[in-house]
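First the structure, in the form of structure tokens, and then the observations on it.
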Number of protein chains: 2
Amino acid sequence: MKSVFKGLNDPTRREILELLRENDMTAGEIVERFRISGPSISHHLDLLKQAKLVIAEKEGQFIYYSLNTTVVDEIMKWLLQIKTKKK
Amino acid sequence: MKSVFKGLNDPTRREILELLRENDMTAGEIVERFRISGPSISHHLDLLKQAKLVIAEKEGQFIYYSLNTTVVDEIMKWLLQIKTKKK
DNA sequence: ATAGTATTTAGACATTTGTCTAAATATACA
DNA sequence: TGTATATTTAGACAAATGTCTAAATACTAT
């Protein structure tokens with residue numbers, strides 16, 4: 001939960017999630033979309049992975065990243081709970 | 001949007017939101033619920049206010065804080081969008 | 001084996017963040 | 001007016017964060 005909020009709290013990471021909504025992508029393809037260095041993107045991908053917001057799968061020399069939306073449900077549940085004020 | 005994610009990215013602030021779900025509270029009442037100093041809580045309240053997650057209303061020497069859930073809708077919308085993968 | 005490509009790991013560095021204490025501001029009341 | 005209460009503002013400081021370059025690892029193909 002904590003790691004999910006952390007994962008979402010960076011514009012680059014949110015943009016990565018938006019990209020992955022369209023298509024699964026390799027780390028390299030993701031890097032191409034940003035002006036940030038490869039290692040920095042790799043670090044962001046690691047945080048997203050820790051938050052279980054993405055899944056990484058190795059295919060040969062590439063690593064494919066894809067969205068994992070099950071964790072998003074948890075956050076939505078929490079937000080919905082907050083939304084139902086008692087008073 | 002950015003400030004909302006930031007607002008949500010701290011356990012103390014999330015706990016404050018959960019408290020305010022039950023009842024509107026004064027700054028002092030909120031401080032009592034934590035072991036953190038008054039100024040620190042005040043700072044968290046300020047961030048929540050900037051994110052428009054809470055509303056502050058002065059009543060005499062007290063300041064009442066209450067939830068503002070309209071911003072939560074925005075986040076939920078974004079999350080829903082992420083959830084609807086294209087591929 | 002060697003060289004090339006894809007990606008991550010390591011380490012450094014500036015910025016942001018969360019916390020604190022001390023001081024300032026605002027209101028209530030005697 | 002003066003004192004107590006409620007809350008914020010200011011400034012300091014350690015820890016966390018996002019970025020970079022250089023080096024390491026893993027796989028492919030010549």
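Just so it is clear: chains get the letters A, B, ... in the order the sequence lines come, proteins before strands, and each one is counted from 1. Since the structure is predicted, the reported quantities are computational estimates derived from the model, not experimental observations. Atoms considered below: every heavy atom in the structure, side chains included; atoms not considered: hydrogens, waters and symmetry mates.
Atoms CG and CZ, on D10(A) and F5(B) in that order, are 11.0 Å from each other to the nearest 0.5 Å. Rounded to the nearest 0.5 Å, atoms CZ (R21(B)) and CG (L67(B)) are 9.0 Å apart.
In this structure, CZ of F62(B) is placed 7 Å from C1' of dA6(D), rounded to the nearest angstrom. Atom-to-atom, CD1 of I63(B) to C1' of dT8(D) comes out at 8 Å; the value is rounded to the nearest Å.
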Polar atom pairs between nucleotides 17-20 of chain C and protein, under 3.5 Å, N or O only, would you list them?
{"from": "dT17(C)", "atom 1": "OP1", "to": "K6(B)", "atom 2": "NZ", "distance (Å)": "3.0"}
{"from": "dT17(C)", "atom 1": "OP2", "to": "K6(B)", "atom 2": "NZ", "distance (Å)": "3.0"}
{"from": "dG18(C)", "atom 1": "OP1", "to": "D10(B)", "atom 2": "OD1", "distance (Å)": "3.4"}
{"from": "dG18(C)", "atom 1": "OP1", "to": "R13(B)", "atom 2": "NH2", "distance (Å)": "3.2"}
{"from": "dG18(C)", "atom 1": "OP2", "to": "R13(B)", "atom 2": "NH1", "distance (Å)": "3.3"}
{"from": "dT19(C)", "atom 1": "OP2", "to": "H44(B)", "atom 2": "NE2", "distance (Å)": "2.3"}
{"from": "dC20(C)", "atom 1": "OP2", "to": "S37(B)", "atom 2": "N", "distance (Å)": "2.8"}
{"from": "dC20(C)", "atom 1": "OP2", "to": "S37(B)", "atom 2": "OG", "distance (Å)": "2.8"}
{"from": "dC20(C)", "atom 1": "OP2", "to": "S40(B)", "atom 2": "OG", "distance (Å)": "2.9"}

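Taking only side-chain atoms of S42(A), from C-beta outward, the nucleotide of dA6(C), dT8(C), dA6(D) with the closest atom is dT8(C). Closest to the Q61(B) side chain, of the nucleotides dT7(C), dT5(D), dT28(D), is dT5(D).
Of the possible polar contacts, none joining the E74(B) side chain to the V71(B) backbone as a donor-acceptor pair under 3.5 Å is found. Of the possible donor and acceptor atoms, none in the side chain of N68(A) sits under 3.5 Å from a partner among the backbone N and O of I55(A).
Looking at heavy-atom distances under 4.0 Å, Y65(A) makes contact with sugar-phosphate atoms alone, never a base.
Within a 6.0 Å sphere centred on NZ of K83(A), other residues, nucleotides and ligands contribute more than 12 heavy atoms.
Contact record, T69(B) with I82(A): CG2-O, 4.0 Å, taken as the closest heavy-atom pair.
Phosphate proximity of dA6(D) to T26(B): absent, as no side-chain N or O sits under 4.0 Å from OP1 or OP2.
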